[in-house]
Protein chains: 2
Amino acid sequence: MRRPNGPELDRDRLIGAAFAVLAQEGLDGLTMRKVAAHLGVQAPAIYWHVEDKAMLLGSMARDIYADAYAACPGAQDWRQWLLQFGAALRASFARRRDGARLCATAKPVAHPDPKENAARIAAPLVALGLDPQAALSFQAVVISYVLGWSMFEANGPMHDFLDRIMPFGETFQTGLDAIVGGLSNPYAH
Amino acid sequence: MRRPNGPELDRDRLIGAAFAVLAQEGLDGLTMRKVAAHLGVQAPAIYWHVEDKAMLLGSMARDIYADAYAACPGAQDWRQWLLQFGAALRASFARRRDGARLCATAKPVAHPDPKENAARIAAPLVALGLDPQAALSFQAVVISYVLGWSMFEANGPMHDFLDRIMPFGETFQTGLDAIVGGLSNPYAH
DNA sequence: ACCTGAACACCGTTCAAGT
DNA sequence: ACCTGAACACCGTTCAAGT
């Protein structure tokens, strides 16, 4: 089908195809066979390039988080960064079908050294004056909220249910503001 | 196998069996065939008592939420109620294997009348002086946070990852306190 | 009314075999 | 090195048929 220059698959084309299938079929329809078909290949071929489906989903989740981090540069203080990040993460989840559910169930793909991971994740908030522990905890809190909210937003029947009894769309910002406003820097005071 | 008094199945026995399978196998192992086997019956028999698997999961989710509501009586003000409810919901999720994931993906089973649902859900907070809109929105915010946090807690590899870079267990309360402290009653501007 | 048997159209994954 | 074919042990769901 093609082959002169390089293999049929590689990790990037694989993840790209997986996102394409996700967009068309949703997470429940994201099967190894459909991803393979999208690449003009048989399902077992995928296993040459990736250990299993969990690894593929983990790589997709990493991309979704990475988009959110990339979308919030130039914040003036840590509260502003958390507000920007919360909004960006919500948008990144919403940009892919079932993005939040994917990230909630995916295994993390990360550097083997915890210190490395911690430093990289904490960096943007540490640069704005937060101590490293708070940087990580505050992010975990914001991510948890955005993830939970986004799961409801993407769950069709649940979203309909909520939208009929409250202004669900506006509630996201209400909650995010409350969280960021309620968090307090252990340094200051 | 038995039959003198009543049918082999009924909705309650069915949901009970589903929770038993969930405990043993997790959400991915919760299959119609295994639930049926647990009841000494063939898989298609289940479809006489329940429309499909989604309905069964919805009923299970309702039970999980109900436990949390039942666990926080006697609060003195709406902030205290939200704190109690957040902790109770986290415990209710943790009591079942994959409880949070189940509730995140389940379709709501509810009264057909939205007003009914809204009134029932808002009731405990309205009784403590919150206006109905805030009662619903604040609950949605707390539930979103607890759900997201509980999903990470129940995702083994993710939990390990987080626990290595922060005091993940303590973070729950930090976040819950921030949210409840940051929310403000529109009545008492 | 309530359940079984058999079938349909799928899954993820393994593994020998091809090229 | 990279992919196919065939298979294994599963899924949720439908539906005629039994009792």
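Lettering follows sequence order; numbering is per chain, from 1.
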For this session: Using a cut-off of strictly less than 4.0 Å between a heavy atom of the residue and any atom of DNA chain C, enumerate the qualifying residues of residues 18-37 of chain A by number.
Result: Leu30(A), Thr31(A), Met32(A), Arg33(A), Lys34(A)
Problem set entry | With sequence neighbours excluded, residues passing side chain to side chain donor-acceptor pair (under 3.5 Å) with Tyr65(A) | none
For this session: Calculate the interatomic distance between Leu39(B) atom CG and dC3(C) atom P; express it in whole Å.
Result: 10 Å
For this session: Calculate the interatomic distance between Ile46(A) atom CD1 and dC2(D) atom C1'; express it in whole Å.
Result: 14 Å
Seminar exercise, completed: So salt bridge (Lys or Arg N to Asp or Glu O under 4.0 Å) across residues 36-51 of chain A, not counting sequence neighbours, yields none
Problem set entry | Nearest-Å distance for atom pair NE2/P, residues His49(A) and dT13(C) | 16 Å
Exercise. When you measure from the side chain of Tyr47(A), which nucleotide among dT14(C), dG12(D), dT4(D) comes out closest?
Worked result: dT14(C)
Exercise. Out of curiosity, Ile143(A) CD1 to Phe138(A) CZ, how far, rounded to the nearest 0.5 Å?
Worked result: 13.5 Å
Seminar exercise, completed: Distance col, row Leu14(B):CG vs His38(B):NE2, nearest 0.5 angstrom, shows 11.0 Å
Exercise. Starting at CG of Asp52(A) and ending at C1' of dT14(C), how long is that distance when rounded to a whole Å?
Worked result: 13 Å
Problem set entry | Nearest-angstrom distance from the residue atom CG of Leu14(A) to P of dC2(D) | 13 Å
For this session: Take atom C1' in dA16(C) and the same atom in dC2(D), then report the distance between them in whole Å.
Result: 15 Å
Seminar exercise, completed: Across all chains, not counting sequence neighbours, the side chain to side chain donor-acceptor pair (under 3.5 Å) partners of Arg120(A) are Asn117(A)
Problem set entry | Which nucleotides of DNA chain C pair, in dot-bracket form (Watson-Crick or G-U under 3.5 Å, | meaning another strand) | ||.|||||...|||||.||
Problem set entry | Closest listed nucleotide, where the reference is the side chain of Gln42(B) and the choices are dC15(C), dG5(C), dT13(D) | dG5(C)
With a cut-off of 3.5 Å and sequence neighbours excluded, list every side-chain donor-acceptor pair involving residues 164-174 of chain A.
residue, atom, partner, partner atom, Å
Thr171(A), OG1, Pro167(A), O, 3.0
Gln173(A), NE2, Asp177(A), OD1, 3.0
Thr174(A), OG1, Glu170(A), O, 3.3

Problem set entry | side-chain hydrogen bond (donor to acceptor under 3.5 Å, both in side chains) contacts in which one or both residues fall within residues 99-110 of chain A, not counting sequence neighbours | Asp28(A)-Arg101(A)
Seminar exercise, completed: Hits for side chain to side chain contact (heavy atoms under 4.5 Å, CB included) against Ala87(A), two or more places apart or cross-chain, chain-then-number order -> none
Problem set entry | Any Trp48(B) side-chain nitrogen or oxygen under 4.0 Å from OP1 or OP2 of dC3(C) | no
Distances under 3.5 Å between nitrogen or oxygen atoms of protein and nucleotides 17-19 of chain D:
none

For this session: Only pairs at least two apart or in different chains count here, so list each side-chain hydrogen bond (donor to acceptor under 3.5 Å, both in side chains) that has a residue in residues 85-98 of chain A.
Result: Asp67(A)-Arg96(A), Arg90(A)-Glu153(A), Ser92(A)-Arg96(A)
Under 3.5 Å, sequence neighbours excluded: what are the donor-acceptor pairs made by side chains of residues 68-84 of chain A?
residue, atom, partner, partner atom, Å
Tyr69(A), OH, Gln139(A), OE1, 2.5
Asp77(A), OD1, Arg79(A), N, 3.0
Asp77(A), OD1, Gln80(A), N, 3.0
Arg79(A), NH1, Val180(A), O, 2.6
Arg79(A), NH1, Leu183(A), O, 2.9
Arg79(A), NH2, Leu183(A), O, 3.3
Gln80(A), OE1, Gln76(A), N, 2.8
Trp81(A), NE1, Cys72(A), O, 3.3

Problem set entry | Residue pairs passing the ring-ring contact (aromatic ring centres under 6.0 Å, His included) test where at least one lies in residues 90-125 of chain A, sequence neighbours excluded | none
